[in-house]
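First up is the structure itself, then whatever we jot down about it.
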Amino acid sequence: MQELQLFNTLSRKKETFEPLKEGFVGIYACGPTVYGDPHLGHAKSYVSFDIVVRYFRYLGYRVRYVQNITDVGHLTDDADEGEDKMAKQSRIERLEPMEIAEKYTYRYFRDMDRLNVLRPDISPRATGHIPEQISMIKKLVEKGHAYEADGNVYFDVTSLPDYGKLSGRTLDEAEAGARVDVSSDKRNPADFALWKKADESHIMRWDSPWGDGFPGWHIECSAMATKYLGETIDIHGGGLENQFPHHECEIAQCEGAHDAPFVRYWMHNNMITLNGQKMGKSLGNAITLEQFFTGSHDLLSRSWAPGVIRFFLLQSHYRSTTDFSEKALESAETGYINLVSILDVIHQTADAGKDDESGSNPAGKPFDLQKLRDGLHACMNDDFNTARAIGLLFEQLRPLKAVLQSGNTPANISELSEFLVHFCGDVLGIWQPGTAGDGADDLPFDEVMQILLDLRQTARKNKDWGTADRIRDRLAELGIIIEDGPGGSTYKLS
RNA sequence: GGCGACAUGGCCGAGUGGCUAGGCAGAGGUCUGCAAAACCUCGUACGGCGGUUCGAAUCCGCCUGUCGCCUCCA
């Protein structure tokens, strides 16, 4: 198999992936700030990194995937202005900040579970790692990268020559920016806070060598990534909008503290747009996942299944913007249903062939599995191009459906089916074979269905339309659709 | 103002210097007890203007437009 190439934001090029340690991959992705429901933008990001994790596992790597939960409020800017988001939300909902964090953490995972996003191996909370953050700040102060000013601690960006390397900015540019606040006690306007002094009214506060306060925006990720993945990590991911300042500051903190390169490969996913505009919490145009699943939003005419959302996202590349519209979702839905039905037919045929008494069934010309497999691997190895992979699945599997329906079965149908379970199920996460609902996993659902289909086929042969239609109608009531074709009948779940 | 992306057929959306991406929608056809599907065939697109090249949607330049970051944000 050829090498895995991924686009490294640091070099702005596709690079061949080489793990720090043979056979292992450490991945850190910036997680959500839990003061509100997750929306479609979160889904794009975490589905993207879910694919990365799944594909590495598929390739045989041992993956440790760390994704933080930010449960301490960040201010709206780097000066002492703005409001702590957690505090603000807790005031609105009349709950403790930790209740807010708990509530939205729960809802975040609930929605990600629905999207079939695998849970991270470690989901560290910022508030659970205050000592680690403080000790990192102390180290930065000791090494001359940070300084204290009246209970605040700031990172001195001039102490690190290559500050700005990720986002391609220079300090001159930062200073020229009109939005950088100059009125604080920072030495340089571009310096950023590591620790902030808490005033009397601030609820979330911790004791520190610099007095009561709370950590700055960026230090949690540096501290937790280091703790669980080491001083140099393989892959760090996040939304494009975090490239600057968040990720730039993470680099500064880690490289300042450890004198070692922080991240080998930076991956950034692009935005979801709505009418060409970025979808964002603070822009007020975000549609939450819950709203998609229930259809309760002015821009939605109905509800949309999580699988459709996932498929829709995978149909575009993670580094491209994905423009949302119901029309686009609808075409994704139809395409998704069609693809799944092809996969189902393949799986059913393979399954039926397994205990075929005659043993003479799979005799057809073998399917070119090698071509499909190589093609899909090439797509994924090319910076996780799921859009192309899905195109390939349609292209190569669609003709097979006609073959199967005409009663011909390729000799290697079982092998194909098994591969698809892995690729479409384990890697893309868009299909589970024979999903007959909860609790039915260990029941021979396919086999039972086969009996019903056989009975109905006999009835049809005898022109007993009453029985044939009754079977079809009653199954339809249960959400099982029978479709008659020239090569026999198949079923699918509606 | 600084930095950086992107502009593809009705819609969504990949992509490479020369060979059909794919999906959805649309048109025609096949099959069929009925129904519902399904299956087959069909589109020759790449913002504008120059340039490089035997050949560019793909490389370079300019222009136009859209968007992102520079403030919390996936």
Side-chain angles (χ1 to χ4, degrees), chain A residues 12 29-33 35-36 38-49 70 73-79 81-85 164 167-170 172-181 190 217 237-246 268-273 276-283 286 311-312 315-317 319-325 327-336 338-339 341-342 345 379 382 385-395 398-399 401-403 405-406 460 463 465 468-469 472-473 476 481-487 489-490 492:
Chain A
R12 298 173 184 286
C30 288
T33 305
Y35 68 96
H39 55 76
L40 191 57
H42 293 94
K44 168 142 175 128
S45 190
Y46 300 120
V47 166
S48 299
F49 293 111
T70 299
H74 294 151
L75 302 184
T76 48
D77 64 33
D78 205 10
E81 295 166 25
E83 216 171 351
D84 178 321
K85 299 217 156 162
S167 53
R169 280 157 223 265
T170 65
D172 298 346
E173 287 161 8
E175 282 177 61
R179 286 160 160 182
V180 177
D181 178 51
W217 322 342
L240 196 56
E241 81 282 0
N242 278 327
Q243 191 180 339
F244 188 89
H246 186 57
H268 290 97
N269 65 275
N270 218 315
M271 306 289 101
I272 290 281
T273 58
Q277 210 80 33
K278 171 186 164 185
M279 183 181 282
K281 233 182 255 187
S282 47
L283 294 168
F311 185 80
F312 169 70
Q315 265 194 312
S316 63
H317 189 82
R319 278 192 296 112
S320 302
T321 53
T322 304
D323 194 47
F324 159 77
S325 69
K327 200 175 171 189
L329 254 192
E330 204 175 320
S331 68
E333 180 180 60
T334 312
Y336 174 58
N338 287 340
L339 180 62
S341 99
I342 297 170
V345 168
C379 294
D382 183 17
N385 196 332
T386 54
R388 219 167 112 204
I390 289 173
L392 206 68
L393 284 169
F394 273 107
E395 187 186 308
R398 193 156 241 175
K401 195 176 178 186
V403 173
Q405 288 186 340
S406 72
R460 290 178 76 213
K463 299 208 190 300
W465 310 125
D469 289 352
R472 184 172 62 195
D473 293 346
I481 311 297
I482 301 292
E483 289 169 357
D484 298 331
S489 303
T490 57
K492 66 177 183 186

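Computation of the quantities below employed the complete heavy-atom set of this structure, encompassing side-chain atoms and omitting hydrogens, waters and symmetry-equivalent molecules. Treat the numbers as computed from the prediction; the structure is a model and nothing was measured. Throughout, protein chains are lettered first and strands after them, A, B, ... in sequence-line order, and every chain is numbered starting at 1.
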> Does the cation-pi check pass for A/Lys44 over A/Phe324, that is, NZ or CZ under 6.0 Å from the six-membered ring centre and within 45° of its axis?
Replying inline: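 Here A/Lys44 fails the 6.0 Å and 45° test against A/Phe324.
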>> Do A/Gln243 and A/Arg169 make a side-chain contact, defined as non-hydrogen atoms from C-beta onward lying under 4.5 Å apart?
In response: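 A/Gln243 does not reach A/Arg169 side chain to side chain.
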>> At less than 3.5 Å, do the side-chain atoms of A/Asp469 and the base atoms of B/rG33 form a donor-acceptor pair?
In response: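 Such a pair is found, so the answer is yes.
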> Side chain of A/Arg472, base of B/rA35: donor and acceptor closer than 3.5 Å?
Replying inline: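 Such a pair is found, so the answer is yes.
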d([atom1], [X]; [atom2], [N]) in whole Å:
{"X": "A/Arg169", "N": "B/rG1", "atom1": "CZ", "atom2": "C1'", "result": "13 Å"}
{"X": "A/Ile272", "N": "B/rG13", "atom1": "CD1", "atom2": "P", "result": "10 Å"}
{"X": "A/Asn270", "N": "B/rC67", "atom1": "CG", "atom2": "P", "result": "14 Å"}
{"X": "A/Gln315", "N": "B/rA25", "atom1": "CD", "atom2": "C1'", "result": "14 Å"}
{"X": "A/Gln277", "N": "B/rU66", "atom1": "CD", "atom2": "C1'", "result": "10 Å"}

Side chain of [X] only, please: which of [options] is the nearest?
{"X": "A/Lys281", "options": "B/rG4, B/rC24, B/rA74", "result": "B/rA74"}
{"X": "A/Ala387", "options": "B/rA25, B/rA14, B/rC73", "result": "B/rA14"}
{"X": "A/Ser316", "options": "B/rG4, B/rG13, B/rC73", "result": "B/rG13"}
{"X": "A/Lys401", "options": "B/rC34, B/rC73, B/rC39", "result": "B/rC39"}
{"X": "A/His317", "options": "B/rA14, B/rA74, B/rC70", "result": "B/rA14"}
{"X": "A/Arg460", "options": "B/rA14, B/rC34, B/rG22", "result": "B/rC34"}

> Taking a pair as Watson-Crick or G-U wobble with both distances under 3.5 Å, which nucleotide is matched to B/rA57?
Replying inline: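 Pair assignment: B/rA57 / none.
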>> If stacking means aromatic ring centre less than 5.5 angstrom from the base's six-membered ring centre, planes under 30°, is A/Trp465 stacked on B/rG33?
In response: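 Taking the rule of under 5.5 Å and under 30°, the ring of A/Trp465 does stack on B/rG33.
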> Using atom P of each nucleotide, how far apart are B/rU52 and B/rA45 to the nearest Å?
Replying inline: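 It comes out at 24 Å once rounded to the nearest Å.
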